Every structure is written in C-alpha cells, then in structure tokens.
There are 2 protein chains.
Amino acid sequence: MGAKEIQIKLDFRSGLPIYVQIMDQIRQMVGSGELEQGDQLPTVRQLATDLRINWNTVARAYKLLDEAGLISTQQGRGTYIWESPPEAATLILRHEALEGLTRRYLAEVIRLGCSPEEVTVALEQQLDLWKAGDPPDETDQN
Amino acid sequence: MGAKEIQIKLDFRSGLPIYVQIMDQIRQMVGSGELEQGDQLPTVRQLATDLRINWNTVARAYKLLDEAGLISTQQGRGTYIWESPPEAATLILRHEALEGLTRRYLAEVIRLGCSPEEVTVALEQQLDLWKAGDPPDETDQN
DNA sequence: ATAACAATAAGACAATGAGACAATTACACA
DNA sequence: TGTGTAATTGTCTCATTGTCTTATTGTTAT
C-alpha cells in the first residue's frame, strides 16, 4: 500500500555483501531525511524482486536494522521506519550512514585499482575546495 | 539453475597448471561467443566434480578471471560472464574515474550534513583498515 | 639432499537462496 | 457483528555457493 518507493543500487562486484549495501543505503536515506519515521518500506519480497535477489537477503538487512533500532519489522504487517529519538540517536545514525558511504566509496575505488595514497590525495584536493566554499558537483553520473 | 553446460578438456600431462587451462578455455569461449554476458557458469563444485579435480582449483581459476574483469563471482549466488566494456573501462583514465567517484561521495556526504572534519576522520579510519590488509568489511552491527 | 616455490587439496566459514512456517490483515458471507 | 478462508508479510532452518587459511605434493635451484 503506502510503501515508499525507495531506490537502492546494488553493486555485485564491490565485494560488499548485498545485505550490507541495503543497510547502508537505508541508513543513508534516514540520515538525509529522505525517509521519515512512520514511512513504510517495501516488503521484503517486493524489494527483492525489484533488485532481482532473494527476499531472504532483504529480510536479513531488515532484521539487522530492526535489531539496531532503526526500523520496526512486524510479521504480517510490514516494515516501518522507527520513531527517531532526537539528537543523540540521529548523530549516531548520521555517523553510521557516513561510514556506509565511505565503505562503498572505498570498495569502488579499490576495484578501480587505486592505492590508498591516491585516494588520500584525491579526497584532500576536493575537501580543500569544499572548505573554500565551493561545494562539489551534485550531478549524479552513474 | 540455468548454469550453462560448458565443455572443458584438461590435459594433465601438458605441464600447464589446471587452473590456467580452465582460464584459457573460458576466455576462448567468451571470445568465440559461445559464452555471452550474463551466462551463468557451473559452480566451482559442479565443474570440479565433472573434471574430477578439487573445487578449490576451479575457484582459483574463477577468482583470477574475476580479477581480470571477465567474469563476476558472487558468494552464495554463483559465477556469471561479465559484460566486458572493451573501451569504456580502458579509455577512461583511472584518475578521472577516481575524481568522479570522490566527487559523488562528497556530494552524498554533504547531503547527510557531515562536516569536512568528520569525513576526514571516517575515511582515515577505513583507510587504515585497508592498509592493514583488512578488506573494508563490516562486522559492527550489534 | 634440501630449501624454496608453485600447484593442488582439505576444511572451516560467510553470503545467498529455497521452502516451510507463523502472525497479521483483508474480505466474503452468514 | 462475527467468523472462516485466503492473501500478505516477516521468521526460521537448512542447502548451496564462493572465500579464506592452512596443509600437502611435486618440481626446481643450490
């Protein structure tokens, strides 16, 4: 019914487990406000067919997020974003989302064959631009 | 399931390592069009019993072909012929790709509302893991 | 001989898939 | 209003599949 349509992108070659990729991206959506408390997530079967994976893999991601307190999975009812206790929890959540993004970024970069030093240089370059007040390009070139 | 039945002939007296023979013949099948992108290869255990060898030897061949970009091995899912972008991957300079990934990473991070300092910390944390030899994997879901 | 190295094997392990199952909801019908 | 049946949804258990670490075997250089 009112399940929010969310967009999750999987990278089967990143080396990151699928369920971790799902967890990371849901955390990110909550952290950025794209998902709010009370929003219903797609059912495990729906999201699974969308992503062409087994729904048990989605179920695992949901279950772990549930145990982490981010969402509420209810057998027979569905899965919902859990009410977010203010401040402290959102800080933690944002931090987790940042970790997830970083993890994915590094996985992609490693696959590219870059060295840690190259990554450090590339990032500091653009970080400097950012600090100087020039926000990075927002265009998603996937 | 839909694993393509492929025919591989081993010559145990040729002096060529088994895993090299497997790699060569799969490469050849892809080159001749006998195997196309998306085709599922037999599992390491299936092909191994067919050839009467240890499945770790097949796994080795698959892993090397994966790193070479020819196939995609996915734990728990199987092994598939990977789309080979003959030009895209090689023409794009790694440096440009790195910059693009970094730009996208920072854009998403900004959407989360993180500060440059947070990003630096998060990245260096996982970079240290990387340098220490650990692949950037996650075991923190408590 | 023996040390060093590559190829292969063995086994534990993690990620994913498949199917039966239980809780909840929706709805027809009395 | 109540009830029974089917559909929906998450849970549980186990098999499948690739990964990793370590041991064994065979070859080669010293």
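Numbers restart at 1 for each chain; the letters A, B, ... are given by sequence-line order, proteins then strands. Quick caveat, the model's predicted, so the values are computed rather than measured.
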Requested in this report: Verify the neighbour count for atom CD of B/Glu117: are there more than 12 heavy atoms of other residues, nucleotides or ligands below 6.0 Å?
Outcome: yes

Query - Worked check of side-chain hydrogen bond (donor to acceptor under 3.5 Å, both in side chains) between B/Asp50 and B/Gln46 - result: CA-CA 6 Å; B/Asp50 287 351; B/Gln46 182 60 56; 3.1 Å; yes

Identify all pairs in which a protein N or O lies below 3.5 Å from an N or O of nucleotides 10-13 of chain D, and state each distance.
| from | atom 1 | to | atom 2 | distance (Å) |
| --- | --- | --- | --- | --- |
| D/dG10 | OP1 | A/Thr79 | OG1 | 2.9 |
| D/dG10 | OP2 | A/Val44 | N | 2.9 |
| D/dG10 | N7 | A/Arg45 | NH1 | 2.7 |
| D/dG10 | O6 | A/Arg45 | NH2 | 2.8 |
| D/dG10 | N2 | A/Gln75 | NE2 | 3.1 |
| D/dT11 | OP1 | A/Thr73 | OG1 | 3.2 |
| D/dC12 | N4 | A/Asn56 | OD1 | 2.5 |

**Report entry** Length of the CD-P vector between B/Gln21 and C/dA7, whole Å
**Finding:** 12 Å

Query raised in the report: Less than 4.0 Å between a side-chain N and a carboxylate O, is that true for B/Arg104 and A/Glu108?
Result: yes

Query raised in the report: So, are B/Glu67 and B/Lys63 salt-bridged, with charged N and O less than 4.0 Å apart?
Result: yes

Requested in this report: Could you tell me the separation between the CG atom of B/Leu64 and the C1' atom of D/dT19, rounded to a whole number of Å?
Outcome: 13 Å

Query raised in the report: Can you check the A/Ile71 CD1 to D/dT9 P distance for me, whole Å?
Result: 15 Å

Query raised in the report: B/Glu67 has an atom CD; how far is it from atom C1' of D/dC20, in whole Å?
Result: 13 Å

Report task. For a side-chain contact (heavy atoms from CB on, under 4.5 Å) with B/Leu41, tell me which candidate from B/Val58, B/Thr73, B/Ile6, B/Leu65 qualifies. Result -> B/Ile6

**Report entry** Nearest-Å distance for atom pair CG/P, residues B/Leu16 and C/dA6
**Finding:** 16 Å

Query raised in the report: What's the CG-P distance between A/Leu10 and C/dG17, to the nearest Å?
Result: 10 Å

**Report entry** Interatomic distance where CE belongs to B/Met23 and P belongs to C/dA7 [whole Å]
**Finding:** 11 Å

**Report entry** Under-4.0 Å side-chain N/O to phosphate OP1/OP2 contact, B/Tyr19 with C/dT8
**Finding:** no

Query raised in the report: Looking at A/Arg27 and A/Asp24, does any basic side-chain N land under 4.0 Å from a carboxylate oxygen?
Result: yes

Report task. Please report, rounded to the nearest Å, how far the P atom of C/dA7 is from the CZ atom of B/Phe12. Result -> 15 Å

Query raised in the report: For A/Ile53 and B/Thr57, take the nucleotide of DNA chain C holding the closest heavy atom to each; which residue's nucleotide lies nearer the 5' end?
Result: B/Thr57

